[in-house]
Every structure is written in structure tokens, then in C-alpha cells.
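A short worksheet on the structure shown next.
Numbers restart at 1 for each chain; the letters A, B, ... are given by sequence-line order, proteins then strands.
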2 protein chains.
Amino acid sequence: MKGKATSFDIAHYAGVSQSTVSRALRNSPLVNEETRRRVYEVAKQLNYKVDKNASNLRAQQSSTLALLLFEDPTADESQINPFFLAMLGSITRACASEGYDLLISFQSTSADWQADYEDSHRADGIILLGYGDYVDYQAKFRSLLEQNTKFVCWGASVDNRPDLTVSCDNYGGGKLAADHLLKVNRKDCAFIGDASEHSPEFFARYQGFKDEFTRHGVTLSERKMANAISTEESGYHATRSLIANNIVFNSLFAASDLIAIGAIRALKEAGIKVPEDVHVVGFDNIAVASFTNPPLTTVQQDTTLAGQMLVFNLLKLIRGEKVENTLLPPKLIVRGSSI
Amino acid sequence: MKGKATSFDIAHYAGVSQSTVSRALRNSPLVNEETRRRVYEVAKQLNYKVDKNASNLRAQQSSTLALLLFEDPTADESQINPFFLAMLGSITRACASEGYDLLISFQSTSADWQADYEDSHRADGIILLGYGDYVDYQAKFRSLLEQNTKFVCWGASVDNRPDLTVSCDNYGGGKLAADHLLKVNRKDCAFIGDASEHSPEFFARYQGFKDEFTRHGVTLSERKMANAISTEESGYHATRSLIANNIVFNSLFAASDLIAIGAIRALKEAGIKVPEDVHVVGFDNIAVASFTNPPLTTVQQDTTLAGQMLVFNLLKLIRGEKVENTLLPPKLIVRGSSI
DNA sequence: TTGAGCAGTTAAAACGTTTTGACAACAAAA
DNA sequence: TTTTGTTGTCAAAACGTTTTAACTGCTCAA
């Protein structure tokens, strides 16, 4: 055999027509069982594999999904938020189990990301992942919708959000964290994160946290908040600035684990003991969280389920079925940083 | 416009033939500058994107690489070795900068992994990544070579290895670790990892480590070795068994950071202090390493460079150019676990 | 005996590119 | 004037599938 075997070769050796080969291999009911057997036989012998390009071209689909991962601008270029890496794993698995390939791409700048995977028929749909500036993204979302691109976002389900989302119940997660700190009687709490419309997820976490405190008659002080994006560095600096301003607190809620880890570093450096002087609670339950010193109390997001829902919902969307936004339940993981 | 624009539509509006459109967009020198400008103009207006399937089918290539990631069998299914996740990041970036897409796939079982990405024209070449049982893989490698599949492996460059590899200088890394422990005068050292032909990388690390000790007149005791695969769990149990057998040592070299982290947990549990009683050195420098308590001294592998070399070498192979196995220099990172 | 219905198969028409070979139009050389 | 190139452009032939529409032989009912 010269090059790679084609369906015509199989047809020749099996003594049938090429169209029958195509049908046989795709288990069409139109073909006789005996014929199918023969075709399979020959195909195996010649190590024949259907050419995906030809098949996709003709069928006008790609059986591939694309994953766009937005990175926080961080000092070390090659470090990606471990939470999203965990999601990546489950998304890959979900794709595989549905017979789809997964194309991945990291997008660094928030301004002009490429989402032409569907236009160019490289993917049937797109999954968007990452903590980015939500306000920046909105315009892009709309243009994707206009072009009728099929996509799903991981992130907060803000009211009137135009796109389809799967997200953790960030508000509920914030409540869980508050509940815990109230129970251990650490009511003088600081918050590190971005509680603006730019990061709706962090905002929702804060909102749930605050509301739960309020419900218990405790008001959080605005002064004990500091802005941070989801990096260790940012959490470190935000916490340092609180300390530098002589803000006093006996507990701290960080909008993400990375921030929490940075906060712990800052606290320690300032001679403040965790958990004795300050209890710390994070969000995400990334792998590192159990290795920090002390191990980090945090709100877990179910990444496995999240990945599956992203894929399932996107596939539904592609098939034209009705899909709803999905909210996933969070879970509190208590560790040494808050007992 | 009804469906998606094709090159014929562009041709129509630009007043040229379809073949000219194709050439213009691919910047062929055969087309007049003025014509090209007009074609680009129209293409942009109609939001035209070249159909990858058609293009790939015709050109008989896919401008896509596939990444096969082998997972260690670990307790938590969805946890992937963070070292490989770091590599994933740099591989993705390298692919993107070369204009290639990256298809990723996790392979769980060592026995029967799929590598038909090339046969089915979904990818032009394959990158294999993961600590797996090398002996198991050999047969598979040979069959891939027979089918003339283009692939590169990350891993040890064993003598006579049939496939193309990119790897860290594991032997040299082992020497770096030894050197450090000798310098701080911790000569009574234990080793946790698998020093057999099944994991050539771990073996090379151990070999370099041992040779350096020998060169300084110190012989490592066979009794102070324990087998482990690259997980925290495995490192924990291996170390526990050493302790249970009353093996005494004042330093410990782990074949990977995950193992080292497990080892530290076991030591602490047994009331053995790190670094006071036992100095610990790991390998990989995963992100977690700087957050452990104490922070972990380790041998760093340059994942950015590694990812680039994997991609570059694979592309060379695909283009039919001559390629050599590549060895990357390791670097010692000294942290609290060994001072 | 004819006609309809069914099961299995086939030839041929897409799918949207890239690329080969041919052909204009025009300028420069003979 | 004819020849020889050069520069753009084009029509048509791949690439390897999936799928439509048509066509065999059949069997069964009228």
C-alpha cells in the first residue's frame, strides 16, 4: 500500500462500493450485517481510520470543542490559576466521554481575544474560562451572540447576563464562610478581593458573606476591605496595606485561595499569628490549600461537576436544545487556619 | 447572506476568481498587491474565515498537535500532577506561537492508549507526557514508529531508546541535590522514589545523586531506600514504612516534589522535625513547593523551555528535518527544608 | 401477470479549500 | 514583424468523506 488507506481501498478489498463502506463503519441500519462484518474486517486489517478532515468537511461539524482560558496578569507568565487547571482536567474528561476532542488556548490580553474557532470550523462551540474583567468582556459576548457562536461561560450569573453560564453559587459560598466565622465567634472580619461589578464572582461571594453577617446583627466595616485580583502577590500586598493602615481584625475572608495564601504570608510577616490572632478563610479549595501552613479553611467548588455541566450545556446549545443557566452548590472545608 | 461566506462569495464581491482569493489570503507572491488589498477588504467585511476542514483536507495536514497526558493512578481522579500541568501551559503557548492548535487528551490506563490522532488526520504529530511505566510503553512506541507516526516524548533519554525525547538532565539534577546535602553536611541520606528501569527518570535522579555522594567518599545505604510513585500519598506511605522499620537518617532526597511533600507529612507525624532532624530535598519545583511548611528545597526543571523544545522538535520531525534528543539543565532551589 | 413494497446496494453530487496547467495581456528582445 | 518572457488571473482537478436519489432483485398482494 502506497499512502494511507482510504474508504475506496476498503471498498475494493471488501468487494462493495465506497458508500457502503462509509455506512457500514458508521453503523447505519441500511447495511447488511454480514457486509458490515466484512467491511470492519478489512478496515482493521489495513489499519484504516476515517479521515477527520474529510468527514468534518462533509458533515459540516468538527466534533471538537474549544476551551479559551483567560489568565490573570501575573508576575510569572507560565503560572496559571490552579483552580482553572483543575477545571481543565474535568472538562477534558467530559469532552472525551462525549466523543468530542478538546482544543485549548490561553488568552493573555483581555482586549482582543480570538474566538474564531467556530467561524473557521475548527470547533463546534467554545467554553470560556477565567477570572477576567467582566465589564471588558460584555461587548465581546454580544458580538459572539450576534454571530450566533455557540459558547458557555464559567462565572457569575449576573442578572440580564446575555450569555449562557455555569457557575458556583458564589453568594451561597460567601454565606457558608460567614456562617463558619460567626460560629467560631470571629466577628471582626476583613475582606480581601474585588467587590465591584468588574468581578461579579468575587462580588457575589462578598455579598453573601456580608448578608449573612447582617442577618446575625453584625455589620462589616467598609474600612476593613482591600482590593485584590486572584494572585498570591495581590493578596499579599492588599493585606499589607491593611496592616500598614493599622486596621485591626480577628478574621479574614479572601475571595480566593491564592489571595488567602498571600494574605497569610503578609500576616505572618507582620508577626500576626494564624489562626490564633486572625482566622483565615479562602475560596476554591485548590490543591495547595491543604499544604499551606496552617492548612487553609476554604469554600470548595466542585470542579468535576462544573466541567461536566459546562460541556453538557454547551452540547445542548449546539444541538439547539433549551438550556438554562446552572448553579452549583459550594461546600465548606474547615482546616487549621480557622480553628 | 444566507450561511457562512465562502471563498466564492469573496471572489464574487471582489470581482476576481476563487483561486485568486485563496492565493491572496495566503499571501502568495503570485497575486497583485492591489488585488490582494481588495480581497482582504471584502473578506473582512463579510467576516470570512478560511474553513479549516476544507483547507486541511486539501493540504493534507491539520496544523494541530495532540498532547497525550498520562496520569499517575491517584486517589483523587481529577488531580493531575502539577508539574505536568505547568508543562501543559508552556506547550500551549509554544504551539500558539507556531500557529498550531493543540488538542489535549488525558490517558488513564497505561495499557491501551489511543494514539490515532495522526492516522485520522486530526493532528500532525503527538507529544507524550507523563510519568508512566517505561517498560509498558516500549512496545507501544515501537508500533508508533512502525506506522511512521511523528511523536516526541518527555522523559529520560535512556540508551537505545527508539523514540525522540526531550528531558531534563535528571542525572545532573540528582548531583545538584547531593552536592547541596554534602555541603550542609547531611550525609546520612534516605531516598524515596522508584530506582528501577520502570521509571528511568527517577532512576537517573538517584544515579546522579548516588554517584556524587560516592565521589565524596560517602556510600548510600540500600536499606535507606523506599519505593514510591509520584504522588503525595505514595511518598507518605513509603516514608512511614522507613520510620516504622527504625531506619535512621538525617536527610532525605525525594524523586519528586509530591513525594517530598508526602514524606514531610510522614516525618512530622512521627515527631521528626524538618529541617532540624531531617533535611528534605525534592525535584520539580512545582508551585506548591514554596508554600509547604517548611518551604521545600528542590531541583527545578525549566518547564517553559521544556514545552518549547517539545514543540520545536516535533515540528522539525514533521518537516522531516534532522532532530536530536534534547537535554535541559536543572537548577537547585534552596528553601527552608534544608537549611 | 402486473404492481407495489422492501432490503440492500450503488453512482454521483456535494462540502470548501489548494494547486496544477493553461492562458491572456503586455513588454522587451530579435 | 515575430519571438520570448513576465505578470496576473482563471478554470478545473484534486482531497476523502457523507448523503441523496436511483436502481436492482426480491417477495407478496391483487
Legend entry - Pairwise 5' ranking along DNA chain D for A/Asn53 and B/Arg38, keeping only the more 5' one: B/Arg38

Inset, instruction - Using heavy atoms to find the nearest nucleotide of DNA chain D for B/Thr35 and B/Ala59 separately, return the residue whose nucleotide is more 5′. - result: B/Thr35

Round to the nearest Å and state the distance from [X] atom [atom1] to [N] atom [atom2].
{"X": "B/Lys4", "N": "C/dC15", "atom1": "NZ", "atom2": "P", "value": "15 Å"}
{"X": "A/Leu57", "N": "D/dG16", "atom1": "CG", "atom2": "P", "value": "12 Å"}
{"X": "A/Gln18", "N": "C/dA14", "atom1": "CD", "atom2": "P", "value": "16 Å"}
{"X": "A/Lys52", "N": "D/dT17", "atom1": "NZ", "atom2": "P", "value": "12 Å"}
{"X": "B/Phe8", "N": "C/dT18", "atom1": "CZ", "atom2": "C1'", "value": "11 Å"}
{"X": "A/Arg122", "N": "C/dT17", "atom1": "CZ", "atom2": "P", "value": "14 Å"}
{"X": "B/Gln61", "N": "C/dT19", "atom1": "CD", "atom2": "C1'", "value": "14 Å"}

So, do [X] and [Y] sit near enough that their side-chain heavy atoms are less than 4.5 Å apart?
{"X": "B/Tyr117", "Y": "B/Thr64", "answer": "no"}
{"X": "A/Leu88", "Y": "A/Leu85", "answer": "yes"}
{"X": "A/Ile91", "Y": "A/Leu102", "answer": "yes"}

Inset, instruction - Write down the atom of B/Val50, the atom of B/Ser55, and the distance for their closest heavy-atom approach. - result: CG1-CB, 3.9 Å

Inset, instruction - Give, ordered by number, those residues of residues 19-34 of chain B having at least one heavy-atom distance below 4.0 Å to an atom of DNA chain C; if nothing qualifies, reply none. - result: B/Ser19, B/Ser22, B/Arg23, B/Arg26

Inset, instruction - With salt bridge (Lys or Arg N to Asp or Glu O under 4.0 Å) as the test, would you mind laying out the steps for B/Arg142 and B/Asp163 before giving the verdict? - result: CA-CA 8 Å; B/Arg142 292 199 190 285; B/Asp163 50 333; over 6 Å; no

Legend entry - Inter-residue atom distance B/Phe70.CZ - B/Leu129.CG, 0.5 Å rounding: 9.0 Å

Legend entry - Distance in Å, A/Phe151 CZ paired with A/Thr165 OG1, rounded so as to fall on 0.5 Å steps: 10.5 Å

Inset, instruction - Verify whether one side chain among B/Ser62 and B/Asp124 offers a donor that lies under 3.5 Å from an acceptor in the other. - result: yes

Legend entry - B/Ser17 side chain near D/dC10 phosphate (N/O to OP1/OP2, under 4.0 Å): yes

Inset, instruction - Would you please confirm or rule out a distance under 4.0 Å between OP1 or OP2 of D/dT18 and any side-chain N or O of A/Gln60? - result: no

Inset, instruction - Determine which pairs satisfy side chain to side chain donor-acceptor pair (under 3.5 Å) with at least one residue from residues 306-316 of chain A, sequence neighbours left out, and list them in order. - result: A/Asn313-A/Thr326

Inset, instruction - Report yes or no: is there a donor-acceptor pair, N or O only, under 3.5 Å between the side chain of A/Arg58 and the base of D/dT17? - result: no

Inset, instruction - Estimate the overall bend of the helix from C/dT1-D/dA30 to C/dA30-D/dT1 from the end axes over five pairs each, rounded to 10 degrees. - result: 70°

